[in-house]
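In what follows, a structure is listed as structure tokens, so that the remarks can point back to it.
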Amino acid sequence: MYSGQVSITVHVLVGLVAALHAYILVLEMFLWERRPGRELSGFDAETARRTAPLAANQGLYNGFLAAGLVWGLIAADPTGHQVQAFFLSCVVIAGIYGGLTANRRILFAQALPGALALAAVLWAG
């Protein structure tokens, strides 16, 4: 569906968003109680320990987003394009919700990259 340089740019943007969500999965599922996870959350050791099951659940959902984006990258069009648009829309919605309810940083760390990649996918599609 895409051609040449546009295709590469779109795939790089989608791949970066997928990598971001895979990284979030690792932070939330495996590193929540360690330094990287605690720096992300700002929690002390006890709060990180108590919230680890919740963070792991969030991490799993981020993994599903990453998996969906990878599926969109490897699936043939038009399916790949549609899958990318769907999962990037999910990323943007989750980022906006998280930014409004949990931490404004999520708007810039999750919603903005997702929105940029979604705009590229829709423009190129």
Side-chain angles (χ1 to χ4, degrees):
M1 185 166 256
Y2 313 124
S3 63
Q5 191 66 31
V6 171
S7 176
I8 293 169
T9 302
V10 169
H11 283 91
V12 166
L13 290 172
V14 173
L16 288 172
V17 175
L20 171 65
H21 284 274
Y23 176 69
I24 295 170
L25 172 147
V26 171
L27 279 175
E28 292 178 338
M29 291 191 79
F30 306 110
L31 301 176
W32 191 251
E33 295 181 65
R34 295 193 174 118
R35 184 176 174 206
R38 288 185 40 212
E39 286 177 356
L40 175 71
S41 69
F43 291 158
D44 60 34
E46 177 58 24
T47 304
R49 185 191 62 73
R50 285 187 288 117
T51 61
L54 297 171
N57 190 349
Q58 291 174 177
L60 186 62
Y61 284 96
N62 278 289
F64 292 143
L65 291 173
L69 291 171
V70 170
W71 172 31
L73 287 171
I74 62 175
D77 286 329
T79 301
H81 179 262
Q82 293 166 343
V83 168
Q84 289 173 32
F86 172 78
F87 279 95
L88 287 167
S89 296
C90 292
V91 165
V92 172
I93 292 166
I96 291 170
Y97 184 80
L100 295 175
T101 62
N103 188 318
R104 288 213 191 278
R105 290 183 304 178
I106 298 171
L107 288 170
F108 300 100
Q110 181 177 340
L112 182 59
L116 293 173
L118 177 60
V121 166
L122 296 176
W123 177 76

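These values consider heavy atoms only, across backbone and side chains, with no hydrogens, waters or symmetry-generated copies. Every value quoted in this text rests on a predicted model; they were computed, and no experiment measured them.
Looking at every heavy atom in both residues, A85 comes nearest to L118 through O-CD1, 3.7 Å. Listed here is the closest heavy atom pair of S7 and H11: O-ND1, 2.6 Å. The minimum heavy-atom distance linking H81 with G125 is given by the pair NE2-CA, 3.3 Å. Nearest heavy-atom pair, G59 versus E28, reported as atom, atom and distance to 0.1 Å: N-OE1, 3.0 Å. The two atoms that bring A18 and A66 nearest to each other are O-CB, 3.4 Å, heavy atoms only. Closest approach of Y61 and N57 over heavy atoms only: CE1-OD1, 2.8 Å.
When the shell of 6.0 Å around CZ of F43 is examined, it contains more than 12 heavy atoms from other residues, nucleotides or ligands.
Under a hydrophobic-cluster definition in which Ile, Leu, Val, Met, Phe, Trp and Tyr are linked whenever side-chain heavy atoms come within less than 4.5 Å, directly or via other members, W71 and I24 are assigned to different clusters. Under the 4.5 Å side-chain heavy-atom criterion for Ile, Leu, Val, Met, Phe, Trp and Tyr, L122 and L73 are members of the same hydrophobic cluster. Two different hydrophobic clusters hold V70 and V12 under the rule that ILVMFWY side chains link at heavy-atom gaps under 4.5 Å. Tracing side-chain contacts under 4.5 Å through hydrophobic residues (I, L, V, M, F, W, Y), one reaches F64 starting from Y23; they form part of the same cluster. In terms of hydrophobic clustering, with Ile, Leu, Val, Met, Phe, Trp and Tyr side chains grouped at heavy-atom distances under 4.5 Å, F86 and V14 are assigned to a common cluster.
Within the 4.5 Å cutoff, side-chain heavy atoms of L40 are placed close to those of W32. Between Q84 and V10, the closest side-chain pair of non-hydrogen atoms falls below 4.5 Å. Using a 4.5 Å heavy-atom cutoff, the side chains of Q58 and M29 are not in contact. Contact annotation: the side chain of L31 approaches that of R34 to within less than 4.5 Å [non-hydrogen atoms, C-beta and beyond]. Considering only heavy atoms from C-beta on, P113 stays 4.5 Å or farther from L16 through its side chain.
Here the CG-CG distance, from N62 to L20, works out to 8.0 Å after rounding to the nearest 0.5 Å. Expressed to the nearest 0.5 Å, how far CG of L69 lies from CG of L13 amounts to 11.5 Å.
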Report, one line per pair, each donor and acceptor closer than 3.5 Å where one atom sits in a side chain of residues 90-103; sequence neighbours left out.
residue : atom : partner : partner atom : Å
T101    : OG1  : Y97     : O            : 2.7
N103    : OD1  : R105    : N            : 2.8
N103    : OD1  : R105    : NE           : 3.4

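The salt bridge (charged side-chain N to carboxylate O under 4.0 Å, His left out) contacts involving residues 42-57 comprise E46-R49, E46-R50, where partners must be two or more places apart or lie in separate chains.
Partners of R104 according to the salt bridge (Lys or Arg N to Asp or Glu O under 4.0 Å) rule, which considers only residues two or more places apart in sequence or in another chain, do not exist here.
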